[in-house]
2 protein chains.
Amino acid sequence: MGHEKVAIIGSGNWGTAIARLAGINTKKHNDVFDDSRVPVWVFEEQFEGRKLTEIINETHENKKYLPDIKLPDNIVAVPDLLEAVKEATALVFVTPHQFLGKILDELEGHVKKDAKAISLIKGVEVKEANIYLFADVIEKRLGISTSALSGANIANEVAKDTFSETTVGYRTEEEGKLWQMLFQTDKFKVQLIDDVTGVSLCGALKNIVAVAAGICDGLGYGSNSKSAIMRIGLLEMKYFCQEFFRDVKEESFLQESAGVSDVITSCLSGRNYRVAVEFVRQKKSFDELEVEMLNGQKLQGIHTAKDVHNFLSARKQSRVYPLFDKVYQIAWEGLDPAQLTEGL
Amino acid sequence: MGHEKVAIIGSGNWGTAIARLAGINTKKHNDVFDDSRVPVWVFEEQFEGRKLTEIINETHENKKYLPDIKLPDNIVAVPDLLEAVKEATALVFVTPHQFLGKILDELEGHVKKDAKAISLIKGVEVKEANIYLFADVIEKRLGISTSALSGANIANEVAKDTFSETTVGYRTEEEGKLWQMLFQTDKFKVQLIDDVTGVSLCGALKNIVAVAAGICDGLGYGSNSKSAIMRIGLLEMKYFCQEFFRDVKEESFLQESAGVSDVITSCLSGRNYRVAVEFVRQKKSFDELEVEMLNGQKLQGIHTAKDVHNFLSARKQSRVYPLFDKVYQIAWEGLDPAQLTEGL
């Protein structure tokens, strides 16, 4: 029996898909991992009249967030956070970003000193002139080395074992290989790169590009325009990160699943794309569309565009990122969407 | 009046869209170009009972290949090839590749020594262990410096002035700027890169990737798989060219319209993609589908995959390009399409 004890923090759609892979791989690599039990912290809630943890533990299925997908029998849903991470040496954070603060408050001082973590949390935290990566936030609060995973990963497809790729930005090569062992299967290929920052930022910034692609399709432009938007967006992501984060690697953007592939997927489908299409077609405000299409949740892409705008203003940065700026202007300043490609 | 005299060789869908831009830009930059007359060589044929050249010259419209698009009045259709190029100092080659040999036979010795050319011809010529670029073929036969243009350019969209980008791989920066001036408008952005080879090869190899993407969609795989195929294909294009053509630039593949954008567009629509989807869905042979869907024309992607396979065999190259190879095996060796992502 291996000595690495895994705990998964989060059990939504993506968290459950990832827990399934961890359950399978702890068994496959049980020389490295303790495969007897992989606790998954579940925010307890009622579903069809029963506790979600009970449903998961009895049926081996997360019927609320990933129905019809069987989970390995070593996956154990645990409603108590500290109980879930008690013995863990390898923590996987895969919660919505707004819950992270509270989770870290609770975890601080209760995690093994020699543990390591990986963040699968989407987005970044922007406060005026600073951008914080969740991997860095976790690392600082818990004092443990934290990598990041991001890629062109629709959870349901990963859960159904269709061919997919992802990218792990690692802190040390050894940790990178551990995370690869925990997640990689024949159908889910994990590439490694020494770039936590680039991988994390890709996952946030691509949402701006997806909004631009949605506007483009909403306007009825063709493939030439859309592929140009994607190319320009990918390069702005790269230039922005190179300007403000000195250690990012160009390959994360141009060659990795976290970069080019995730931009492509996000511009073909996904909520940012879909809502932006309707913004142009229906001429409704994003506020209205968030209520109608997202159950009141916020549309990440337009908020990240605003964050980037505020960040650049706070830094009095003169360099302009024309596509990011167009998305900001259209979403927040009433610019006519038909101006999207002007001056690109 | 400028001294550069442009001639366009070819008048199909793409040739006519490009001629329109050349007509507009010779007027705009008439300090550089002779804007009084831009001859376009048209392979004479009958259309609706009249000569195509007559139709173009009387209606200023190529009713057969680019209907409903007005051409500038300085565009003149010329049925005689030598007449069309007689005074030309800037030759634009935009014919189907199978006609190039005959055209060059006729042109040899009849082109001004100080002329320059640009090839918009799609594809490459492969003979056993050698790959020839059409820009090089033109340059060698006519003894004039020849650049190349390629990008995510559906002709009808360019003709309708929707936002598009393209890439010119130039021989000298001065020539690059001349071609940019001839083609660029507010809605058609021309990027320049010192890489005729990379730009030319992108236009050929992306068709293999488009076939793979079509197989992927035909199999009903999702966005994760498709964006992974596009990423892997783009990198194989880059590695292949870097292995056999020492002077190619990585940026042509990863950052230019000719590379990443054209891969995206070709994998979303286009004949290679569409026929490959039906190959899987209808379980018909490519031979049958070429007859049914392409009027008997050959499907470039599968032929380029075979060319690459033969080229690698002739070179006894041990390095494998797994995605290129899978497309070859599926198209020519009866491999089950469901094996597409095995071992990628």
Side-chain angles (χ1 to χ4, degrees), chain A residues 17 151-167 186-189 191 213 216 219-232 234-235 238-239 250-251 253-270 273 338 340-344, chain B residues 151-167 186-189 191 213 216 219-235 238-239 250-251 253-270 273 338 340-344:
Chain A
N153 301 141
I154 293 173
N156 290 335
E157 295 180 18
V158 173
K160 285 178 187 154
D161 279 334
T162 59
F163 182 71
S164 305
E165 297 183 316
T166 200
T167 313
D186 273 3
K187 295 294 183 187
F188 187 69
K189 299 290 181 184
Q191 274 106 34
C216 178
L219 290 163
Y221 295 175
S223 317
N224 294 3
S225 302
K226 188 165 177 184
S227 65
I229 294 286
M230 289 156 84
R231 187 194 79 83
I232 292 167
L234 186 61
L235 291 186
K238 186 192 85 155
Y239 293 134
E250 173 160 295
E251 300 91 294
F253 302 87
L254 304 180
Q255 302 201 27
E256 293 296 332
S257 178
V260 59
S261 300
D262 202 15
V263 166
I264 293 171
T265 306
S266 306
C267 290
L268 299 186
S269 56
Y273 167 77
L340 177 70
T341 62
E342 293 299 312
L344 290 186
Chain B
N153 301 140
I154 292 172
N156 289 336
E157 295 181 19
V158 173
K160 284 176 186 155
D161 278 335
T162 61
F163 181 70
S164 306
E165 298 182 318
T166 200
T167 312
D186 274 1
K187 296 295 184 188
F188 188 68
K189 299 291 179 184
Q191 274 104 34
C216 179
L219 290 164
Y221 295 176
S223 318
N224 293 4
S225 302
K226 190 166 174 182
S227 64
I229 295 285
M230 288 155 85
R231 188 194 77 84
I232 293 167
L234 186 60
L235 291 186
K238 186 191 86 156
Y239 293 134
E250 174 159 294
E251 301 92 294
F253 301 88
L254 304 180
Q255 303 200 29
E256 293 296 333
S257 178
V260 59
S261 300
D262 201 14
V263 166
I264 292 171
T265 306
S266 307
C267 290
L268 299 185
S269 55
Y273 168 76
L340 177 70
T341 62
E342 294 299 313
L344 290 184

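Just so we're on the same page: letters track the sequence lines, and every chain starts at 1. Any value given below was found using the heavy atoms of this structure, including those in side chains, with hydrogens, waters and symmetry copies removed.
Here the shortest heavy-atom pairing between B/T167 and B/A258 reads OG1-N, 3.0 Å. Considering all non-hydrogen atoms of both residues, A/S227 and B/T265 come closest at OG-OG1, 2.9 Å.
At a threshold of 4.5 Å between non-hydrogen side-chain atoms, the residues B/S269 and B/I154 count as touching. In this structure, the side chains of B/N224 and A/F188 stay at 4.5 Å or more apart for every pair of heavy atoms.
The parts of A/T341 that come within reach of chain B are both its backbone and its side chain, each placing non-hydrogen atoms under 4.5 angstrom from that chain. Residue A/K160: no heavy atom, backbone or side chain, is found under 4.5 Å from chain B. Contact annotation for A/L235: only side-chain heavy atoms (C-beta onward) come within less than 4.5 Å of a heavy atom of chain B. With a 4.5 Å cut-off on non-hydrogen atoms, A/L254 touches chain B through its backbone and its side chain both. Only the side chain of A/K238 comes within less than 4.5 Å of a heavy atom of chain B; its backbone N, CA, C and O stay farther away. Residue A/V158 touches chain B through both its backbone and its side chain, counting heavy-atom pairs closer than 4.5 Å. With a 4.5 angstrom heavy-atom cutoff, A/E251 does not touch chain B via any of its atoms.
Put simply, of B/Q255, B/M230, B/E250, the one with the most heavy-atom pairs under 4.5 Å next to chain A is B/Q255. Heavy-atom pairs under 4.5 Å with chain B were tallied for A/S225, A/G151, A/G270; the largest tally goes to A/S225. With respect to chain B, the highest number of heavy-atom pairs below 4.5 Å among A/N156, A/L340, A/L219, A/I232 belongs to A/I232. Most heavy-atom pairs under 4.5 Å with chain A: of the set B/L268, B/T162, B/N153, this distinction falls to B/N153.
A donor-acceptor pair under 3.5 Å links the side-chain atoms of A/S257 to the main chain of A/E165, judged by distance alone. The main-chain N or O of B/I264 is never found under 3.5 Å from a side-chain atom of A/K226 such that the two would form a donor-acceptor pair.
Expressed to the nearest 0.5 Å, how far CD of B/E157 lies from OG of A/S223 amounts to 5.0 Å.
For the pair A/E342 and B/K187, the salt-bridge criterion is met [side-chain N within less than 4.0 Å of a carboxylate O].
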